[in-house]
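As structure tokens, the structure follows; a few thoughts come after it.
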Amino acid sequence: QVQLVESGGGLVQAGGSLRLSCAASGGTFSSYHMHWFRQAPGKEREFVGAIRSGGTTYYADSVKGRFTISRDNAKNTVYLQMNSLKPEDTAVYYCAAKSQFISFVPRDMNYWGKGTLVTVSS
């Protein structure tokens with residue numbers, strides 16, 4: 001069983017930056033593909049980005065060039081660096097872990113954190 005705890009959310013002005021962290025425990029972190037999803041009020045949960053166990057990264061078109069995912073296997077932590085934030089980035093951001101094959105679909109994830117709220121003011 002893997003537990004995921006996100007942190008780092010908050011209120012930021014448009015154009016600003018935030019770094020989210022997701023700390024994992026209870027499993028072999030290095031073997032999991034790690035993902036970030038987000039869910040805005042009244043909308044479905046959507047893929048933001050992912051990082052393979054081997055380090056390859058993937059991003060949604062809406063965040064490409066602004067967000068960066070990284071992982072520190074020694075600290076069992078995955079990060080989401082968010083720059084040039086826009087009001088439309090406002091959402092609850094969730095960390096998720098998946099074993100075996102990588103997927104960008106929420107229903108395929110094995111474990112989820114409880115989320116951290118990011119609010120971007122205009």
Side-chain angles (χ1 to χ4, degrees):
Q1 192 78 2
V2 175
Q3 292 80 43
L4 302 173
V5 179
E6 303 94 337
S7 61
L11 174 64
V12 63
Q13 289 188 333
S17 299
L18 280 176
R19 189 176 82 154
L20 305 184
S21 300
C22 172
S25 61
T28 307
F29 176 77
S30 61
S31 69
Y32 285 92
H33 309 304
M34 299 301 298
H35 304 68
W36 288 96
F37 291 85
R38 66 186 180 186
Q39 189 165 17
K43 295 189 176 181
E44 293 187 352
R45 195 167 297 190
E46 65 174 3
F47 171 74
V48 173
I51 183 167
R52 284 186 177 270
S53 57
T56 303
T57 55
Y58 306 84
Y59 299 96
D61 287 343
S62 58
V63 307
K64 201 171 294 183
R66 301 188 298 122
F67 291 11
T68 302
I69 294 177
S70 60
R71 65 191 297 162
D72 185 338
N73 290 337
K75 295 183 178 180
N76 289 353
T77 302
V78 61
Y79 304 97
L80 181 67
Q81 177 66 44
M82 305 186 294
N83 298 329
S84 302
L85 282 161
K86 305 175 181 180
E88 51 264 43
D89 295 318
T90 294
V92 177
Y93 283 72
Y94 297 90
C95 173
K98 188 185 185 304
S99 61
Q100 298 184 319
F101 304 108
I102 197 167
S103 171
F104 307 142
V105 178
R107 66 175 179 270
D108 290 341
M109 299 300 110
N110 299 121
Y111 302 102
W112 288 92
K114 294 184 177 181
T116 185
L117 176 63
V118 172
T119 304
V120 184
S121 63
S122 56

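Just so it is clear, the values below take in all heavy atoms, side chains as well, and ignore hydrogens, waters and symmetry mates. This structure is a prediction, so every number in the text was calculated from the model and none was measured.
For Phe67 and Tyr59, the gap between ring centers reaches or exceeds 6.0 Å.
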Enumerate donor-acceptor pairs with a distance under 3.5 Å from any side-chain N or O in residues 115-122 to protein atoms, sequence neighbours excluded.
unit_1 : atom_1 : unit_2 : atom_2 : d
Thr116 : OG1    : Gly9   : N      : 3.2

Let me have the donor-acceptor pairs involving side chains of residues 16-23, under 3.5 Å, with sequence neighbours excluded, atom names and distances please.
unit_1 : atom_1 : unit_2 : atom_2 : d
Ser17  : OG     : Asn83  : OD1    : 2.9

Set out, in order, the CA-CA distance, both residues' side-chain angles and the distance that settles side chain to side chain contact (heavy atoms under 4.5 Å, CB included) for Arg38 and Arg45, then state yes or no.
CA-CA 5 Å; Arg38 66 186 180 186; Arg45 195 167 297 190; over 6 Å; no
Stepwise side chain to side chain contact (heavy atoms under 4.5 Å, CB included) test for Cys95 and Val78
CA-CA 8 Å; Cys95 173; Val78 61; 3.9 Å; yes
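If you take OH on Tyr58 and NE2 on His33, they are separated by 8.5 Å, rounding to the nearest 0.5 Å. Between the CZ atom in Phe29 and the NZ atom in Lys75 there is a gap of 12.0 Å [rounded to 0.5 Å]. Distance check, rounded to the nearest 0.5 Å: CH2 of Trp36 to CD of Glu46 gives 14.5 Å. Between Arg52 atom CZ and Ile69 atom CD1 the span is 13.0 Å, to the nearest 0.5 Å.
In terms of heavy atoms, Ala91 sits closest to Tyr93 at O-CD1, 3.4 Å. Shown here for Ala97 and Met34, the closest heavy-atom pair between the two residues is CB-SD, 3.6 Å. In this structure, Ser53 and Asn73 approach most closely via the heavy-atom pair O-ND2, 4.5 Å.
Distance alone, capped at 3.5 Å, places no donor-acceptor pair between the Asp72 side chain and the Thr77 backbone. Within the 3.5 Å criterion, the main-chain N or O of Gly54 finds no donor-acceptor partner in the side chain of Arg71. Using a distance-only test at 3.5 Å, with no hydrogens or angles considered, a donor-acceptor pair links the side chain of His35 to the main chain of Ser103.
Under the 4.5 Å side-chain heavy-atom criterion for Ile, Leu, Val, Met, Phe, Trp and Tyr, Val92 and Met82 are members of distinct hydrophobic clusters. Ile51 is not connected to Phe37 by any chain of hydrophobic side-chain contacts under 4.5 Å among Ile, Leu, Val, Met, Phe, Trp and Tyr, and they are in different clusters.
Between Lys86 and Asp89 there is no salt bridge, since none of the side-chain N atoms of the basic residue sits less than 4.0 Å from a carboxylate O of the acidic one.
Scored by the side chain to side chain donor-acceptor pair (under 3.5 Å) test, Ser7 finds no partners at all (sequence neighbours excluded).
Under the 30°/60° scheme for interplanar angles, the aromatic rings of Tyr94 and Trp112 are found to stand perpendicular. Between Tyr32 and Tyr111, the two ring planes are perpendicular [angle over 60°; tilted spans 30° to 60°].
Around the CD atom of Gln100, the shell of radius 6.0 Å holds no more than 12 heavy atoms that belong to other residues, nucleotides or ligands.
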